[in-house]
Amino acid sequence: MTALIIIRWVLAILLGLFWLLCAVGNMGSIISAARRHGSTSLVLLFGGMAGMAAVLICPIPGIWVWLWLPALLDIGTIPAIVSMIFHGAFTKKAKKTISANSKD
């Protein structure tokens with residue numbers, strides 16, 4: 001095993017562990033925000049990006065096809081983005097409706 005392969009394995013494992021830590025933390029953050037009817041920040045995206053980097057760095061041939069999996073499994077990445085988009089769209093629509101009705 002060459003030094004480059006060992007470095008790639010070490011980096012992939014470290015990034016994978018960071019992704020796992022972020023995924024667990026993001027789950028708690030999302031649940032907490034839902035309970036207090038608050039919001040979260042885009043810092044939640046770092047976990048999914050670390051997981052995708054781990055998949056790209058991993059020296060297993062053909063593993064890159066699973067690049068989307070860490071972002072999907074980490075609730076702070078793709079599910080949070082979708083939630084923010086829908087929440088923002090519905091909130092803006094509701095505010096426009098309320099302000100239009102209050103002018104009447």
Side-chain angles (χ1 to χ4, degrees):
M1 204 184 277
T2 66
L4 182 61
I5 298 291
I6 293 171
I7 291 171
R8 287 179 66 189
W9 272 112
V10 168
L11 286 175
I13 290 170
L14 288 175
L15 285 169
L17 290 173
F18 179 71
W19 167 79
L20 187 61
L21 179 68
C22 287
V24 171
N26 288 344
M27 178 68 74
S29 177
I30 296 290
I31 291 171
S32 172
R35 283 186 182 158
R36 61 178 161 68
H37 301 292
S39 63
T40 59
S41 69
L42 291 178
V43 174
L44 299 176
L45 298 174
F46 287 129
M49 288 190 283
M52 291 188 296
V55 170
L56 286 175
I57 292 172
C58 186
I60 298 174
I63 199 167
W64 63 270
V65 298
W66 298 102
L67 181 65
W68 55 272
L69 195 58
L72 184 64
L73 292 177
D74 181 6
I75 197 164
T77 309
I78 292 176
I81 290 172
V82 170
S83 173
M84 283 186 249
I85 290 171
F86 281 117
H87 178 72
F90 289 124
T91 303
K92 287 178 183 176
K93 185 177 179 181
K95 285 181 182 178
K96 285 181 183 177
T97 304
I98 291 170
S99 65
N101 289 340
S102 66
K103 289 180 183 177
D104 293 337

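- The hydrophobic cluster containing Ile6 also contains Ile63, counting ILVMFWY residues as joined when their side-chain heavy atoms lie under 4.5 angstrom apart, directly or transitively.
- When the side chains of ILVMFWY residues are joined at heavy-atom separations under 4.5 Å, either directly or via intervening members, Trp19 and Ile60 end up in a single hydrophobic cluster.
- Ile57 and Leu4 sit in two unconnected hydrophobic clusters of ILVMFWY residues. Membership requires side-chain heavy atoms under 4.5 Å apart, directly or through other members.
- Within the structure, the side chain to side chain donor-acceptor pair (under 3.5 Å) test picks out the following pairs touching residues 63-74 (sequence neighbours left out): Asn26-Asp74, Asp74-Thr77.
- Of the inter-residue distances, the one linking Met52 atom CE with Leu67 atom CG reads 6.0 Å to the nearest 0.5 angstrom.
- Atoms CD1 and CD1, from Ile31 and Ile75 in turn, are 7.0 Å apart once rounded to the nearest 0.5 Å.
- The CE atom of Met49 sits 13.0 Å away from atom CG of Leu56, with the distance rounded to the nearest 0.5 Å.
- Of all heavy-atom pairs spanning Trp9 and Pro59, the tightest one is NE1-CG, 3.1 Å.
- Going from atom CG of Leu20 over to atom CG of Leu15 covers 12.5 Å, rounded to the nearest 0.5 Å.
- Using a 4.5 Å cut-off between side-chain heavy atoms of Ile, Leu, Val, Met, Phe, Trp and Tyr, with links allowed through other members, Leu69 and Val65 fall into the same hydrophobic cluster.
- When all heavy atoms are compared, the tightest approach of Ala54 to Ala12 is CB-O, 3.5 Å.
- Nearest heavy atoms, Phe46 versus Phe18: O-CE2, 4.3 Å.
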